[in-house]
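Each remark here refers to the structure printed beneath this line.
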Number of protein chains: 2
Amino acid sequence: MTDSNPNAALTAPSIPGDALPPVEQHAQQYATVRNAHETELIEDYVELIGDLLAHRGEARAADIANRMAVSQATVSKMIRRLNELELVTSKPYRSLFLTEAGQKMAETSRARHDIVLHFLRALGVKDATARIDAEGMEHHVSDETLAIMQRFTEQQQNN
Amino acid sequence: MTDSNPNAALTAPSIPGDALPPVEQHAQQYATVRNAHETELIEDYVELIGDLLAHRGEARAADIANRMAVSQATVSKMIRRLNELELVTSKPYRSLFLTEAGQKMAETSRARHDIVLHFLRALGVKDATARIDAEGMEHHVSDETLAIMQRFTEQQQNN
DNA sequence: CAAACAGTTTAGCCTTGGCTAACAATATTG
DNA sequence: CAATATTGTTAGCCAAGGCTAAACTGTTTG
């Protein structure tokens, strides 16, 4: 049986909105998610490093490890990758700093994160839950949706 | 410098909502996301298999590979895992079927997915974008937020 | 200023989720 | 019904992101 199965209309309930999307569109959805997964950990690190620099003045591997609940070895390995990607600069046994590209990424991630977090709170989600959800959702929200979330939050605040 | 750095208040802008969360809470956020990542691919497969069974009457590895834009070898390997997890039953060269546990998971995933998708549309997001975002977001939305999304969608529809 | 402690790195292991290539089974059709 | 096309499986590769244990560097302090 193929995707052009002529019996589909017989076996499936004919509710257009709930039908399977066309193969190409469906494949696109999954591919987009897989793609997001490749960058999201990188973005989380860069975002956290930016936050630590802003709030603490320095970003140490041990802090990152504690905040991410991950071993220091894992952080060390990841920092090597961030170095190769030219997102951070680091001297052994010293605090990290962001390159220009890293700063740009940190700002963008931080902005996305905040929009999603504020949106969830405006929706009425409890703070602790909103923080957890925002952390997971932020990498999967398109620019279009992000803009709508921001508008929604602003409207809520003007009431 | 540690997380109990007494100078934090000096270097950080004192906007409570934008301060770094306490380490334990922060760590919890990341751990929750990592955890979601472990199950989400499994859920995507099970959900898709359920959809194929519902709409087509059968779920073939080739269909899954096409819809996920992934090689047949990858699907084959994944099916072995789903078998081990007792979520599907399969005979070589035959259609897949869901076990009871698999059906339960498929229904839950499908329901979450639909709530998120309908919510995004109710918010005003274009259909194609909503589908992509929903696919990525569904695994990161808590029950609390999900309930709020559902209520929001219903209210929109009654206007 | 040497010893002890805290922080960092390296080595080496594991699992997951991709891939291609080669082979096996089933289905279709001339 | 044999040849061909489609579908499924297996083997073996790779990168990412975890881990522990051990070695090394830097800092603090008796």
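Reminder, nothing fancy here: chain letters follow the sequence lines and each chain counts from 1.
Of the possible donor and acceptor atoms, none in the side chain of Ser90(A) sits under 3.5 Å from a partner among the backbone N and O of Leu96(A). Put simply, the side chain of Thr39(B) gets close to the backbone of Ala36(B): a donor and an acceptor are under 3.5 Å apart. Judged by distance alone, the side chain of Ser95(A) and the main-chain N or O of Glu58(A) form no donor-acceptor pair under 3.5 Å. The main-chain N or O of Val141(A) is never found under 3.5 Å from a side-chain atom of Thr145(A) such that the two would form a donor-acceptor pair.
A sub-4.0 Å separation between OP1 or OP2 of dG8(D) and a side-chain N or O of Arg60(B) is present. A close approach under 4.0 Å does occur between a side-chain nitrogen or oxygen of Ser71(B) and OP1 or OP2 of dC19(C). Phosphate proximity of dC19(D) to Thr74(A): present, with a side-chain N or O under 4.0 Å from OP1 or OP2. Look at Arg81(A) and you'll find a side-chain N or O under 4.0 angstrom from OP1 or OP2 of dA16(D).
Rounded to an integer number of Å, the gap from CG of Leu82(A) to P of dA16(D) is 12 Å. Atom C1' of nucleotide dG8(D) and atom CE of Met78(B) are separated by 17 Å, given to the nearest angstrom. Put simply, CD1 on Ile79(A) is 14 Å from P on dG17(D), counting in whole angstrom units. In this structure, CG of Asn83(A) is placed 11 Å from P of dT10(C), rounded to the nearest angstrom. The distance between atom CZ of Arg80(A) and atom C1' of dA15(D), rounded to the nearest whole Å, is 14 Å. When the P atom of dG18(D) is taken as reference, atom NZ of Lys77(A) falls 10 Å away, rounded to whole Å. Rounded to whole Å, the distance from CD on Gln72(A) to P on dA22(D) is 17 Å. As a whole-Å value, the separation of Asp44(B) CG from dT16(C) P is 17 Å.
For DNA chain D, the residues of residues 33-43 of chain A within the heavy-atom distance limit of 4.0 Å (strictly under) are Leu41(A), sorted by number. Of the residues in residues 89-96 of chain B, those placing a heavy atom less than 4.0 Å from an atom of DNA chain C are Tyr93(B), Arg94(B), in numerical order.
Across all strands shown, Val70(A) has heavy atoms under 4.0 Å from sugar-phosphate atoms exclusively, and none from any base. Within the 4.0 angstrom heavy-atom criterion, base atoms lie near Ala73(A).
Between His113(B) and His118(B), the ring center distance fails the sub-6.0 Å criterion.
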**Asked** For Asp63(B) and Arg56(B), what are the C-alpha separation, side-chain angles and deciding distance, and is it a salt bridge (charged side-chain N to carboxylate O under 4.0 Å, His left out)?
**Response** CA-CA 10 Å; Asp63(B) 282 351; Arg56(B) 296 273 196 274; 5.2 Å; no

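Distance check: Met78(A) CE to Leu85(A) CG gives 8.0 Å after rounding to the nearest 0.5 Å.
Judged purely by distance below 3.5 Å, without hydrogens or angles, the side chains of Thr32(A) and Gln28(A) pair a donor atom with an acceptor atom.
Aromatic ring orientation, His140(A) versus His140(B): parallel (interplanar angle below 30°, classes split at 30° and 60°).
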